Amino acid sequence: MSVAELYNKGAKVWLPHTIEVWQPGTVIVSYNEKHHIVEIQLESDRNAPTIKIEVSDLNKLPPLRNPDILLGENDLTSLSYLHEPAVLHNLHVRFIQMNSIYTYCGIVLVAINPYQTLPLYSNDIIRAYSGRNIGEMDPHIFAVAEEAFRKMVCIFVYLTV
């Protein structure tokens, strides 16, 4: 499947926005390699006129959105499309809708500062992550610490956290 074939009618895309940074849109007229045009309807304002984008280079096509089943994925590397709008949207969903400040990106733990005290560091939570493998529970700094401790003690691998 060529890149151009991904931009068929109904494809979900991201468009740059001056205030929101990225806004969701839907392809309503499939990309035409002959005329190099794709037509997109903004999802935030169905009454707004459609946006026709003339694409001289396939790299200039708007970024594709991930399927809804991946909304709020706890590991960014699991996303079908890993680009700026996909990462920002996934972090937004996890932080705003799921109240989760932690997200994995492979072996890296991404944390969003909530600028408030959260009940994330109690003894009960420490015990919940104790003895668990990373990935068994939601992303958390205690999961990373437990993994590092286990490798240091059991496998004699020295790590920096």
Side-chain angles (χ1 to χ4, degrees), residues 1-120 125 128-129 132-147 161:
M1 178 179 284
S2 72
V3 172
E5 291 174 317
L6 295 172
Y7 290 84
N8 287 323
K9 184 176 181 176
K12 307 289 187 183
V13 297
W14 290 107
L15 295 170
H17 189 269
T18 54
I19 297 170
E20 299 292 325
V21 184
W22 294 99
Q23 61 186 343
T26 303
V27 174
I28 59 169
V29 176
S30 298
Y31 175 73
N32 183 327
E33 289 189 52
K34 186 176 181 181
H35 297 105
H36 303 288
I37 292 176
V38 64
E39 194 169 342
I40 299 168
Q41 176 69 55
L42 295 177
E43 291 184 11
S44 58
D45 187 3
R46 298 267 184 209
N47 296 324
T50 61
I51 299 168
K52 291 183 180 179
I53 300 174
E54 193 167 333
V55 181
S56 57
D57 178 6
L58 290 180
N59 291 326
K60 304 274 191 225
L61 283 164
L64 290 164
R65 287 175 27 210
N66 286 296
D68 289 343
I69 195 167
L70 296 176
L71 278 176
E73 184 64 36
N74 71 5
D75 190 340
L76 296 173
T77 61
S78 298
L79 299 177
S80 298
Y81 304 110
L82 189 60
H83 43 58
E84 179 186 342
V87 169
L88 292 175
H89 182 66
N90 195 69
L91 291 174
H92 174 82
V93 167
R94 287 189 56 75
F95 181 66
I96 300 297
Q97 295 173 12
M98 301 171 75
N99 295 318
S100 181
I101 67 168
Y102 295 116
T103 305
Y104 290 123
C105 185
I107 62 169
V108 175
L109 182 68
V110 178
I112 296 178
N113 188 342
Y115 295 103
Q116 63 184 341
T117 302
L118 297 175
L120 297 174
I125 293 179
Y129 281 88
R132 299 287 190 109
N133 290 321
I134 201 162
E136 281 183 27
M137 296 179 66
D138 284 339
H140 198 286
I141 190 65
F142 293 158
V144 174
E146 181 66 24
E147 181 79 4
V161 179

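Bear in mind that the values here come from a model prediction, so they are computed numbers and not experimental data. Computed from heavy atoms alone, side chains included, the values below leave out hydrogens, waters and symmetry copies.
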To check you understand the geometry: which heavy-atom pair defines the closest contact between [X] and [Y], and what is its length?
X: M137; Y: A128; answer: SD-O, 3.2 Å
X: Y104; Y: D138; answer: OH-O, 4.4 Å
X: N66; Y: L70; answer: OD1-CD1, 4.2 Å
X: C105; Y: V110; answer: CB-CG2, 4.1 Å
X: I125; Y: H140; answer: CG2-NE2, 3.9 Å
X: D75; Y: G106; answer: OD1-N, 3.0 Å

Calculate, to the nearest 0.5 Å, the distance between atoms [atom1] and [atom2] belonging to [X] and [Y] respectively.
X: E39; Y: K52; atom1: CD; atom2: NZ; result: 5.0 Å
X: Q41; Y: I51; atom1: CD; atom2: CD1; result: 8.0 Å
X: L120; Y: I101; atom1: CG; atom2: CD1; result: 5.0 Å
X: L71; Y: M98; atom1: CG; atom2: CE; result: 9.5 Å
X: E73; Y: N90; atom1: CD; atom2: CG; result: 7.0 Å
X: L79; Y: H89; atom1: CG; atom2: NE2; result: 10.0 Å

Give a yes or no on whether [X] atom [atom1] has more than 12 heavy-atom contacts from other residues, nucleotides or ligands under 6.0 Å away.
X: I69; atom1: CD1; value: no
X: E136; atom1: CD; value: yes
X: I107; atom1: CD1; value: no

> Would V144 and I134 satisfy side chain to side chain contact (heavy atoms under 4.5 Å, CB included), going step by step from the backbone distance to the final call?
Replying inline: CA-CA 7 Å; V144 174; I134 201 162; 4.1 Å; yes
>> Angle between ring planes, Y129 versus F142, binned at 30° and 60°: parallel, tilted or perpendicular?
In response: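 Perpendicular.
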> Side chains of L6 and L61: does their closest heavy-atom pair fall under 4.5 Å?
Replying inline: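 L6 does not reach L61 side chain to side chain.
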>> Between E84 and W14, do the side chains contain a donor N or O and an acceptor N or O under 3.5 Å apart?
In response: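 Per modelled atom types, W14 and E84 side chains form no pair under 3.5 Å.
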> Can you name the residues that form a side-chain contact (heavy atoms from CB on, under 4.5 Å) with N59, not counting sequence neighbours?
Replying inline: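 Partners of N59 under the side-chain contact (heavy atoms from CB on, under 4.5 Å) test: D57.
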> Sequence neighbours excluded, which residues qualify as side-chain contact (heavy atoms from CB on, under 4.5 Å) partners of V87?
Replying inline: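 Per chain and number, V87 pairs via side-chain contact (heavy atoms from CB on, under 4.5 Å) with L76, L82, L91.
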> Got a sec, which pairs hit side chain to side chain donor-acceptor pair (under 3.5 Å) with one end in residues 91-100, sequence neighbours left out?
Replying inline: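 Counting only pairs at least two positions apart or across chains, the side chain to side chain donor-acceptor pair (under 3.5 Å) contacts touching residues 91-100 are R94-S100, R94-T103.
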> Given L15 and I53, is the side chain to side chain contact (heavy atoms under 4.5 Å, CB included) satisfied, shown in steps?
Replying inline: CA-CA 10 Å; L15 295 170; I53 300 174; 3.7 Å; yes
> Under the criterion side-chain contact (heavy atoms from CB on, under 4.5 Å), which of L58, N8, I37 is the partner of Y31?
Replying inline: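 That would be L58; it is the only one of L58, N8, I37 passing the side-chain contact (heavy atoms from CB on, under 4.5 Å) with Y31.
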> Are the side chain of R65 and the backbone of G25 linked by a donor-acceptor contact shorter than 3.5 Å?
Replying inline: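 Checking the backbone N and O of G25 against the side chain of R65, a donor-acceptor pair under 3.5 Å is found.
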